[in-house]
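This report concerns only the one structure given below.
Worth saying up front: this structure is predicted, and the values here are computed from it rather than measured. Naming convention: chains lettered A, B, ... in sequence-line order (proteins, then strands); numbering from 1 in each chain.
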Amino acid sequence: MGRRLHRRRLAQILSLGLLHSSWGPELKWFCNPVLSCHSCALSWFACPIGVFTQYSGCHVFPTFAVGTILLLGVLVGRLLCGWACPFGLVQDLLYRLPTPKITLPAWTSHVKYLVLLGPVILLPFWLGESTWFSFCRICPASALQVTLPNLISAGGGTVGIGTAVKLGALAAVLVLAVLSTRSFCKVLCPIGAMLAPLNLVCFWAVQAPTADCTACGSCDRVCPEQGSPASRHAAAVAANRSLDCIACHDCVEACPSGRDRGRGGPR
Amino acid sequence: MTLDAPRPGPVLRQLLAHQKLLATLCLFVALGFLLAGSLRVHKVYEPGHEAFGLVTVHSVSDFQLVVDATCGGVRKQGDRLYSTYDRSETRGRRSCPT
């Protein structure tokens, strides 16, 4: 495991602890663009998806929330997906399980935009904030952080259809995370869909030492999003200038000619 | 020879300048949204207080409406937003109704 991967794992674990360590105080006016349910008893921040869904249902434009997401997105793009998202950590760890792996078709990465448009914005707008067709009703982070603990603390009991659907969605997402790397981020995550376009213009740049590139393909092999960073390295473009890049910097770490020289940071 | 960063050719240099312009524009738009959001106030009505034409209205900032959004603190009815809890009480932790 490379130094940078160690640092990333440490950052993810720290983020998991810090984001879920509220002993009472809350900063829920702040939408933190990572998948973490604000209904969790220990959460500090608001989930942008839950906030957007509620605002949409109330037919109110989420001015401050959009400003927060846009600001963080334009500063660091999807860096938080790679380094701070607790659900990303869960997927990274599950993918390490020794099972046969699959590669999802490239077109599946467009599904997340439909998820953002449908169950996050349009369906709550048409059907109201408490509709059964909102993303929160099937959110795997909510199922993991809220539904499951509530079910366990209630000692099991009767499981309603809504809970069963939510837990089923969680199980499907977790199984897919074992089989395909960062599958939820790539296919379904509406926060990723919000931040993805900002990857193309954000101030954060993942830079590999491209003058030494021997086209060995190491960067492509380690990319958790299977996003072919080699093609961007070859064109001397920052590796994160791609919709699906989570700025994990694994490609820079894997580069045999650039372990000490590749870097990431504000350009 | 130091090879820290990619050395952009003329096309890439143009692209980077274009991206920088877009990023700066996005940054200002984001700051504009934050400023507008911090100044914005919403009218939230108290339910069940409309007998005899008496209406209780709260002026709620956009910050507070984000907090309300995390716990289903408002609901839309007609053209109005109604509070789902007693705003005169000291606020404790609330969980999401979903």
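Note: L27(B) leads L27(B), D79(B), L22(B) in heavy-atom pairs under 4.5 Å with chain A. For chain A, the option among L31(B), V29(B), L65(B) with the highest count of heavy-atom pairs below 4.5 Å is L65(B).
Across K76(B) and E129(A), no two heavy atoms sit closer than the pair N-OE2, 3.6 Å. Scanning all heavy atoms of the two residues, the minimum distance from V66(B) to K28(A) falls at CG1-O, 3.3 Å.
Heavy atoms closer than 4.5 Å to chain A are found in the side chain of L81(B), but not in its backbone. Both the backbone and the side chain of T24(B) have a heavy atom closer than 4.5 Å to some heavy atom of chain A. Proximity to chain B is absent for every atom of C37(A), based on heavy atoms less than 4.5 angstrom apart.
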Exercise answer: donor-acceptor pairs, residues 60-76 of chain A side-chain atoms, under 3.5 Å, sequence neighbours excluded:
{"from": "T63(A)", "atom 1": "OG1", "to": "F61(A)", "atom 2": "O", "distance (Å)": "3.3"}
{"from": "T63(A)", "atom 1": "OG1", "to": "R40(B)", "atom 2": "NH1", "distance (Å)": "2.5"}
{"from": "T68(A)", "atom 1": "OG1", "to": "F64(A)", "atom 2": "O", "distance (Å)": "2.8"}

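Without hydrogens or angle criteria, Q54(A) side chain to C71(B) main chain gives no donor-acceptor distance under 3.5 Å.
Atoms CG and CH2, on D62(B) and W29(A) in that order, are 12.5 Å from each other to the nearest 0.5 Å.
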